[in-house]
Number of protein chains: 2
Amino acid sequence: MPAQPGTADAALKLEEFLPYRLNVCANIVSTALSRIYAERYSIGVPEWRVLVTLGQFGMMTAKAIGIHSHMHKTKVSRAVAMLERRKLVVRRANRDDLREAFLSLTPAGRDIYSDLAPSALEFARQLMEIVEPADRAALGRALNKLIEHAALIASDIAKGGNPG
Amino acid sequence: MPAQPGTADAALKLEEFLPYRLNVCANIVSTALSRIYAERYSIGVPEWRVLVTLGQFGMMTAKAIGIHSHMHKTKVSRAVAMLERRKLVVRRANRDDLREAFLSLTPAGRDIYSDLAPSALEFARQLMEIVEPADRAALGRALNKLIEHAALIASDIAKGGNPG
DNA sequence: ACAAATTAGTTGCCATTGAAACCATGGTCA
DNA sequence: TGACCATGGTTTCAATGGCAACTAATTTGT
């Protein structure tokens, strides 16, 4: 009966579907956060992540930044290039391996960082206040687990499973 | 002391920063899910959402799909266009308002939907199993709250707050 | 010591996407 | 009725982002 929607199975409802809700949530939050820095410093998410990562660790390679911030190397490369043009980041050669270079914030970059970090923390604080106090720790644990294990979910599902 | 990273404030750590973790989590989950349908049907996320939405409601306008699935109208337009080319969706004129049109799945579209929906539900089930049973309800509540209220977080933060 | 494989990072290319302009229709108000 | 505004949807344009190819430097294996 193709005319009767949602009868096929245990009813797939988009608005209750976890992957979808995670996406929507992440987008809304990300958009709200970016309002804090986007126009103010004319940077986007990748640049913000590079700034924060360098602010946190002081000096590291592009590769390390990419790993720490879950960004593709081309994204890191371009973000760093733009921060370098703006004199917010400097590149220092590594004499022991000339393929890579050590990146760090300039004083100007650090100024922006110390202006931006408190705002970000304040944003995160207000964000957490939205969640019921009793649910906060659970949210953190759930995200940890999902980040760690979601990639491993059997793609066997694809192969036309559930015959029963 | 600009040489000492992470001293500025209560230490902003990217890997603990909620907006960042939501993004990472959503991406990982989304990528894993798309492995189930991407190559199999040669569709992307927007097309998947349109299919699922039409499967759920049977018949609706592009605008309604956009609202229900949190998608920009251009995204919906293009996704529908491609599903139409593939004869998975049909467009029927609304005689009472020729600006809009009613969209619904063709039999072929419904075939794909009834193949795809159980896989999606199974995926969501396995995903939830990753989360500790005691944390599952909390995760759901937290996402609801965040989706509903995160957009409203004061952008006053941007205006150079915390002077103290 | 040298060829082959590996790695850090950049660049060219193409697909995706959102904003803004646009088109066609419908509603409003005089 | 006709001028204006609003709305559903498509298209154009510019920005973004990922893949693959590339360069330069390092490591490995013989």
Side-chain angles (χ1 to χ4, degrees), chain A residues 23-24 26-28 30-32 34-35 37-39 41-50 53-54 59-85 89-104 151, chain B residues 23-24 26-28 30-32 34-35 37-39 41-50 53-54 57 59-86 89-104 151:
Chain A
N23 248 307
V24 170
N27 280 337
I28 291 175
S30 194
T31 301
S34 77
R35 277 205 209 96
Y37 59 77
E39 17 56 89
Y41 302 117
S42 309
I43 62 176
V45 177
E47 291 79 19
W48 186 88
R49 284 190 185 175
V50 169
T53 304
L54 287 178
M59 178 184 275
M60 58 201 313
T61 68
K63 164 143 212 176
I65 293 175
I67 291 170
H68 183 72
S69 63
H70 266 262
M71 287 200 293
H72 194 272
K73 62 179 179 173
T74 60
K75 230 185 201 172
V76 177
S77 175
R78 292 191 256 243
V80 166
M82 108 94 113
L83 293 173
E84 230 185 328
R85 273 195 301 278
V89 159
V90 275
R91 180 187 308 255
R92 177 176 327 200
N94 173 11
R95 296 186 155 257
D96 293 345
D97 187 343
L98 293 176
R99 287 171 306 182
E100 64 185 18
F102 295 128
L103 302 165
S104 52
Chain B
N23 247 307
V24 170
N27 280 338
I28 292 175
S30 195
T31 301
S34 77
R35 277 205 208 95
Y37 59 76
E39 16 56 269
Y41 302 117
S42 309
I43 61 176
V45 176
E47 291 79 19
W48 186 87
R49 285 191 186 174
V50 169
T53 304
L54 287 178
F57 292 104
M59 178 184 276
M60 59 200 315
T61 67
K63 163 145 213 172
I65 293 175
I67 291 171
H68 183 71
S69 63
H70 265 262
M71 288 200 293
H72 194 272
K73 64 180 180 173
T74 61
K75 230 182 199 172
V76 176
S77 175
R78 292 190 259 242
V80 166
M82 108 92 113
L83 293 173
E84 229 185 327
R85 274 195 301 277
R86 296 244 218 123
V89 159
V90 274
R91 178 187 309 255
R92 177 176 327 200
N94 174 10
R95 296 185 154 257
D96 292 347
D97 186 343
L98 294 176
R99 289 171 304 180
E100 65 185 17
F102 295 127
L103 302 164
S104 51

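Here is how names work: the chains are called A, B, and so on, in the same order as the sequence lines, proteins then strands, and each is numbered from 1.
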Give a yes or no on whether a salt bridge exists between A:Lys63 and A:Glu100, defined as a side-chain N under 4.0 angstrom from a carboxylate O.
-> no
Taken to the nearest whole Å, CD/A:Glu100 to P/C:dT10 is 12 Å
Interatomic distance where CD belongs to B:Glu84 and P belongs to D:dG9 [whole Å] = 12 Å
Would you say the side chain of B:Lys63 and the base of D:dG8 hold a donor-acceptor pair, judged only by whether the two atoms sit under 3.5 Å apart?
-> no
Nearest-angstrom distance from the residue atom CG of B:Leu103 to P of D:dG8 = 14 Å
Rounding to 0.5 Å, atoms CZ (B:Arg78) and NE2 (B:His72) come to a distance of 9.0 Å
Between D:dT26, C:dG9, D:dA6, spot the one nearest the side chain of A:Ala62, thanks.
-> C:dG9
Rounded to whole Å, CE of A:Met60 lies from P of C:dG9 at a distance of 11 Å
Between C:dT7 atom P and A:Ile67 atom CD1, what is the distance in whole Å?
-> 12 Å
For C:dT10, does either OP1 or OP2 sit under 4.0 Å from a side-chain N or O belonging to A:Arg91?
-> yes
First of B:Pro46 and B:Asn94 reached from the 5' end of DNA chain C, by closest nucleotide | B:Pro46
Report the residue (B:Asp97 or A:Lys73) whose heavy-atom-nearest nucleotide on DNA chain C is the more 5′ of the two.
-> A:Lys73
Is any side-chain N or O of A:Ser77 closer than 4.0 Å to OP1 or OP2 of C:dT10?
-> yes
B:Thr31 side chain to B:Asn27 main-chain N or O, any donor-acceptor pair under 3.5 Å?
-> yes
To the nearest Å, give me how far apart CE (A:Met82) and C1' (C:dT11) are.
-> 18 Å
Would you indicate whether the side-chain heavy atoms of B:Val90 and B:Ser104 approach each other to under 4.5 Å?
-> yes
Considering only side-chain heavy atoms of B:Thr61, which listed nucleotide, C:dA19, D:dG9, C:dC13, is closest?
-> D:dG9
Is the side chain of A:Arg91 donor-acceptor paired with the backbone N or O of A:Ala101 at a distance under 3.5 Å, no angle test?
-> no
Which residue, A:His72 or A:Arg95, contacts DNA chain D at a nucleotide closer to its 5' end, judged by nearest heavy atom?
-> A:His72
With the side chain of B:Arg99 defined as its heavy atoms from C-beta on, choose the nearest nucleotide among D:dT26, C:dT11, C:dG26.
-> C:dG26
B:Lys75 NZ to C:dA19 C1', in whole Å, measures 14 Å
Kindly say whether, by distance alone, the side chain of A:Arg78 makes a donor-acceptor pair under 3.5 Å with the base of D:dG18?
-> yes
When we call it a touch if two heavy atoms are under 4.0 Å apart, what does B:Ala81 touch: a base, just sugar-phosphate, or nothing?
-> nothing
Quickly work out the A:Met71 CE to C:dG9 P distance and round it to whole Å.
-> 13 Å
